[in-house]
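Order of listing sets the numbers, starting from 1, for every ligand and every atom in it. In this chain, numbering begins with 1 at the start of the sequence shown.
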Amino acid sequence: MSNHHPIIGLEIHIQLKTKSKMFCTCDNDIENKQANENICPICLGHPGVLPAINKKAVEWTVLTGLALNCVIPKETKFDRKNYFYPDLPKGYQISQYDMPIAVNGSLEINNHKIRIKRVHLEEDAAKNLHAEDKSYSLVDYNRGGTPLMEIVTEPDIISPEEAGSFLRELRLIMRYLGVSNADMEKGELRCDANVNIKLGNSKTPIVEIKNLNSFKMVERALAYEIERQIDEFAVLKKQKGKVTRGWDDRKGITREQRVKEEAHDYRYFAEPDLPPLRLKKIREAMQAKMPELPFEREKRLKEEYGLGPEDISALVNNKALGDYYEEVVSEAAAENSNQKVYKLAANWVVTELQKLLRLNKIGVSHLKITPENFAEFINIVSRGEINSSVAQIVLKEMFERGADPSQVITEKNLGQVSNTEELDVIINEVIKENPKPVEDFKSGNEKTLMFLVGQVMRKTGGKANPQVVQDLFRKKLI
Ligand code: ZN
Ligand code: MN
């Protein structure tokens, strides 16, 4: 694409998981609810009702602003954004126009700073449901009035991949802050992408892409749109004004949408029913409360635990798994605090435990193994009391029943046979059954020793301690 530069900016809406809605006391958890179950006169916009500001939503927006390196102004206020649509019963959305809660921030993606223009708070609209075979539409007001945080970037993003990375990092930050699950598939994080192309002093008009319901869609739609604008550059550079295009995921194309007349003339004015807010105290409180952020955990896992990049990325990108790992090592370290245990625990949590979680399609929050039991398991493995194939069996039992590892080992008789008398009998058997390898070993072929040890492992169901078995063979045969 030569000297054509893509210019990309994102507008992201994030649903906050507060207990109640933005301006009323309705339950904000609308999953698995009947249509229009979570409503009241306030979020339905009945005449004469008064909204009240959800303090938690303001605090979380300040917290998010701080995590995104924003400036938190002294004062903020809410405004009415007027437009008419069935999903907006009041005829206006309470949003923020010229005094957002956070401004001028940034987020670094692979050492490239993406500036954040603003973070503001507003209420979500309801949901229109268009039945295909009916001549009417229905409206579900459950979502109406739920708290929505809007994050707007400057047009600093230079590629579809960078847009994808930015969104993934943002989702992770929301999870670390505990303000939203930011699951795009569930609509908890929604993204519109603005993109145009610059070549020398000419630019194509900015295209806003809508209907993006996954990170993959954002990346694909941007890649498509960049290519289209470069192809049509000669024509497009003469055009003016912003265009809205919808992404058709099935066909893999963007399509021009009906242009709304006076789309941006929302006749904003200050919400007369809500007071302006001073933010100094909330800012200070949130600064004091700022949890560890993903890049900080990444650094700590490296410095404190000496983990490798793959373990670190698995434990940073899945916050719950990272939290679980840290609980396990803090328990295990009571007995055995060295880097070997940290790495051993990382290996079992990241590889084996994740494998079981994926296979059973459950999240860490539904895990039956307590961190204490997992730590005990790690210490048993670390002391060499069971070998790794037996450990797999023990872990699976623990996973299924939430059982204590020592209990599983006793119950299933999985303890290692290091009793030399017991092993002696088995080793004598193996020697008797394998005269040829025995002779080979005696005449100096070391490799056959591993074969003989393998025979003992087979007879003991993997429960023999291979080092002890080797030593016994040497004693007997040399
Ligand atoms: Zn309500
Ligand atoms: Mn908005």
Side-chain angles (χ1 to χ4, degrees), residues 9-31 33-58 60-61 64-65 76-85 87-103 116-128 139-153 167 170 174 179-180 182 184 187-194 208-212 242 244 260 263-268 271 273-274:
L10 302 175
E11 274 180 42
I12 300 129
H13 284 89
I14 293 172
Q15 286 183 345
L16 295 175
K17 55 177 189 187
T18 51
K19 278 206 178 64
S20 56
K21 289 191 183 181
M22 188 59 229
F23 299 112
C24 61
T25 55
C26 285
D27 192 348
N28 185 33
D29 181 7
I30 57 173
E31 232 179 298
K33 290 271 164 48
Q34 296 263 328
N36 296 311
E37 190 181 330
N38 265 16
I39 51 171
C40 75
I42 295 174
C43 54
L44 285 182
H46 285 195
V49 297
L50 277 176
I53 301 168
N54 184 327
K55 189 178 177 192
K56 196 99 225 166
V58 175
W60 283 358
T61 306
T64 302
T76 191
K77 71 172 169 68
F78 289 92
D79 299 280
R80 288 188 183 180
K81 180 180 179 180
N82 299 282
Y83 66 98
F84 180 77
Y85 210 59
D87 62 12
L88 199 67
K90 296 197 291 289
Y92 59 85
Q93 176 193 31
I94 304 180
S95 179
Q96 298 195 283
Y97 182 52
D98 53 351
M99 292 174 72
I101 288 178
V103 295
I116 309 282
K117 190 176 184 173
R118 57 186 283 157
V119 183
H120 76 247
L121 192 53
E122 59 191 29
E123 58 179 336
D124 205 348
K127 213 168 191 169
N128 292 320
V139 191
D140 176 2
Y141 287 99
N142 282 348
R143 198 182 70 183
T146 58
L148 207 56
M149 191 169 64
E150 182 172 328
I151 300 173
V152 184
T153 77
L167 289 170
L170 192 65
M174 294 307 122
V179 302
S180 174
M184 219 173 160
E188 293 162 347
L189 186 155
R190 289 169 243 154
C191 174
D192 297 331
N194 291 309
E208 181 177 359
I209 318 174
K210 295 201 171 275
N211 307 341
L212 301 170
K242 200 169 160 178
T244 303
K260 282 182 259 170
H264 290 282
D265 194 1
Y266 290 116
R267 296 168 200 280
Y268 279 100
E271 168 61 64
D273 290 340
L274 294 170

Open item on the list: For Glu11 and His13, which I'm curious about, is there any donor-acceptor pair between the side chains at under 3.5 Å?
Closed with: no
Open item on the list: Before moving on, can you tell me the angle at the Zn ion (ligand 1) between the SG atom of Cys40 and the SG atom of Cys26, to the nearest 10 degrees?
Closed with: 100°
Open item on the list: Minimum heavy-atom separation for Arg190 and Leu148, please, with both atom names.
Closed with: NH2-CD1, 3.8 Å
TODO: Considering non-hydrogen atoms only, spot the tightest contact between Gly144 and Lys21 and give its length.
DONE: O-NZ, 2.9 Å
Open item on the list: Do Lys81 and Tyr268 form a cation-pi contact, if we require the NZ or CZ to be under 6.0 Å from the six-membered ring centre and within 45 degrees of the ring's axis?
Closed with: no
- [ ] Of all the heavy-atom pairs spanning Gln93 and Tyr83, show the shortest one and how long it is.
- [x] CB-CE2, 4.3 Å
Open item on the list: When you compare the side chains of Asn28 and Ser20, does any donor N or O come within less than 3.5 Å of an acceptor on the partner?
Closed with: no
Open item on the list: Quick check for you: with the Zn ion (ligand 1) as the vertex, what angle do SG of Cys24 and SG of Cys43 span, to 10°?
Closed with: 110°
Open item on the list: For the Mn ion (ligand 2), which protein N/O/S atoms fall under 2.8 Å? Skip waters.
Closed with: His13 NE2, Glu122 OE2, Glu150 OE1
Open item on the list: For a quick check under 3.5 Å, do Glu123 and Thr146 share a side-chain donor-acceptor pair by atom type?
Closed with: no
